[in-house]
Amino acid sequence: MKISFDERELCGALLCGQIEVNNKPTLMRKTLSGKKTMLVIVDMVKGFCEKGALSSARCRAVAPEIKRIAEILPDADRVFVRDCHTEQSAEFAYFPAHCVGEESQIIGELLSLGGTEVKKNSTNAFVQLLGARSNLLDYDNILITGVCTDICVMQLALSLRAYISEFNGKGNVVVFTDAVDTYDSPVHNADLYNMTAIKLMEQSGVLVFRRLV
């Protein structure tokens with residue numbers, strides 16, 4: 001007998017989003033204050049937030065929370081990760097063309113914050129981030145914000161967590177659920193994919209909090 005189900009209906013019935021939010025505590029900013037904290041802002045670019053084949057209002061909506069975190073941690077090392085493709089990008093074999101030219105620019109609301117920019121040509125920015133910050137093991141906390149939770153955010157978080165553990169580092173990798181999101185489509189239920197990605201990160205040693213206060 002063939003069994004089928006509607007993942008959106010299932011997600012709603014399980015109250016996935018509500019449970020996820022209610023179970024995540026907040027984190028006091030004093031825990032993270034100082035220059036040994038890095039704030040990574042992933043893919044808050046026009047191609048995901050404002051226009052283009054992969055743009056999403058859900059992705060754009062986390063910008064104010066990311067800006068708030070950046071402003072209350074003024075001493076943090078701020079790094080912007082930018083999807084930055086050419087027309088020949090190998091990624092376009094399985095994703096629609098995106099973040100070429102103007103679409104790769106950081107959205108204006110966050111660009112004014114300033115910081116180091118790291119370009120990437122794939123979904124995982126770990127290699128590029130390590131190239132820009134070879135002293136990753138020196139940070140007490142690496143905070144990851146941005147989009148998309150289940151793709152670029154998760155891949156970077158898991159790579160960082162594995163790298164730090166490989167060398168017995170003591171640094172934390174932290175994700176705030178209010179400062180990350182993913183896109184919604186008929187074949188990609190954002191609530192379900194958000195919850196799944198967050199659980200996978202948490203079970204791999206990434207620290208997950210709802211927000212920074």
Would you please test Lys67 and Glu109 for salt bridge (Lys or Arg N to Asp or Glu O under 4.0 Å) and show each step? CA-CA 8 Å; Lys67 184 177 181 181; Glu109 182 176 352; 5.2 Å; no
Kindly compute the distance separating [atom1] ([X]) from [atom2] ([Y]), expressed to the nearest 0.5 Å.
| X | Y | atom1 | atom2 | value |
| --- | --- | --- | --- | --- |
| Leu143 | Leu212 | CG | CG | 7.5 Å |
| Leu207 | Thr31 | CG | OG1 | 11.0 Å |
| Asn141 | Leu27 | CG | CG | 8.0 Å |
| Cys84 | Glu103 | SG | CD | 11.0 Å |
| Ser185 | Arg58 | OG | CZ | 11.0 Å |
| Met154 | Ser159 | CE | OG | 10.0 Å |

Would you sort out whether Asn172 and Ile142 count as a side chain to side chain contact (heavy atoms under 4.5 Å, CB included), showing the intermediate values? CA-CA 6 Å; Asn172 299 310; Ile142 300 178; over 6 Å; no
Specify the closest pair of heavy atoms between Glu117 and Leu111, including all atoms of both residues, with the distance to one decimal. OE2-CD1, 4.0 Å
For residues Gly47 and Cys99, report the shortest heavy-atom separation together with the two atoms involved. CA-SG, 4.0 Å
For residues [X] and [Y], determine if any side-chain heavy atom of one lies less than 4.5 Å from a side-chain heavy atom of the other.
| X | Y | value |
| --- | --- | --- |
| Asp181 | Asn194 | yes |
| Asn135 | Arg133 | yes |
| Asn121 | Glu91 | no |
| Tyr183 | Ile151 | yes |
| Arg82 | Val118 | no |
| Val100 | Thr86 | no |
| Leu129 | Leu160 | yes |
| Phe209 | Thr26 | no |

Sidechain-backbone polar pair: Thr196 side chain, Leu192 backbone, donor-acceptor under 3.5 Å: yes
Look only at the side chain of Asp184 and the backbone of Ala190, and say whether a donor-acceptor pair between them is shorter than 3.5 Å.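 Side chain of Asp184 to backbone of Ala190: a pair is present.
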Identify, with sequence neighbours excluded, every residue that meets ring-ring contact (aromatic ring centres under 6.0 Å, His included) alongside Phe92. His85, His98
Are Lys46 and Glu102 within salt-bridge range, i.e. N to O under 4.0 Å?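 Answer for the salt bridge query: yes.
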Taking the basic N atoms (NZ, or NE/NH1/NH2) and the acidic carboxylate oxygens, is any pair closer than 4.0 Å for Glu65 and Arg68? yes
Shared hydrophobic cluster, [X] / [Y] (ILVMFWY, side-chain heavy atoms < 4.5 Å):
| X | Y | answer |
| --- | --- | --- |
| Leu113 | Val147 | yes |
| Ile72 | Ile144 | no |
| Leu110 | Phe176 | yes |
| Leu156 | Val79 | yes |
| Ile164 | Val175 | yes |

Side-chain donor/acceptor pairs under 3.5 Å, residues 34-45, sequence neighbours excluded:
unit_1: Thr37; atom_1: OG1; unit_2: Leu32; atom_2: O; d: 2.6
unit_1: Asp43; atom_1: OD1; unit_2: Asp83; atom_2: N; d: 2.9
unit_1: Asp43; atom_1: OD2; unit_2: Lys120; atom_2: NZ; d: 2.9

Going by ring pair (Phe, Tyr, Trp, His ring centres under 6.0 Å), name the pairs with one or both residues in residues 147-168, residues two or more places apart or in two chains.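 Residue pairs with at least one partner in residues 147-168: Phe126-Tyr163, Tyr163-Phe167.
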Sorted by first residue and then second, give each ring pair (Phe, Tyr, Trp, His ring centres under 6.0 Å) pair with at least one member in residues 136-161; sequence neighbours left out.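 Those involving residues 136-161 do not exist here.
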By side chain to side chain donor-acceptor pair (under 3.5 Å) - contacts of Gln128 (at least two apart):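 Scan of Gln128 (side chain to side chain donor-acceptor pair (under 3.5 Å), adjacent residues dropped) gives none.
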Residues that Thr182 engages under side chain to side chain donor-acceptor pair (under 3.5 Å), provided they are two or more places apart: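 Listed in chain order: Asp150.
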Among side-chain atoms of [X] and [Y], is any donor-acceptor pair under 3.5 angstrom?
| X | Y | result |
| --- | --- | --- |
| Ser55 | Glu50 | no |
| Ser56 | Arg60 | no |
| Thr177 | Arg210 | no |

Determine, step by step, whether Thr149 and Ile198 satisfy the side chain to side chain contact (heavy atoms under 4.5 Å, CB included) criterion, reporting the C-alpha distance in whole Å, the side-chain angles of both residues, the deciding distance to 0.1 Å, and the verdict. CA-CA 8 Å; Thr149 317; Ile198 288 165; 4.1 Å; yes
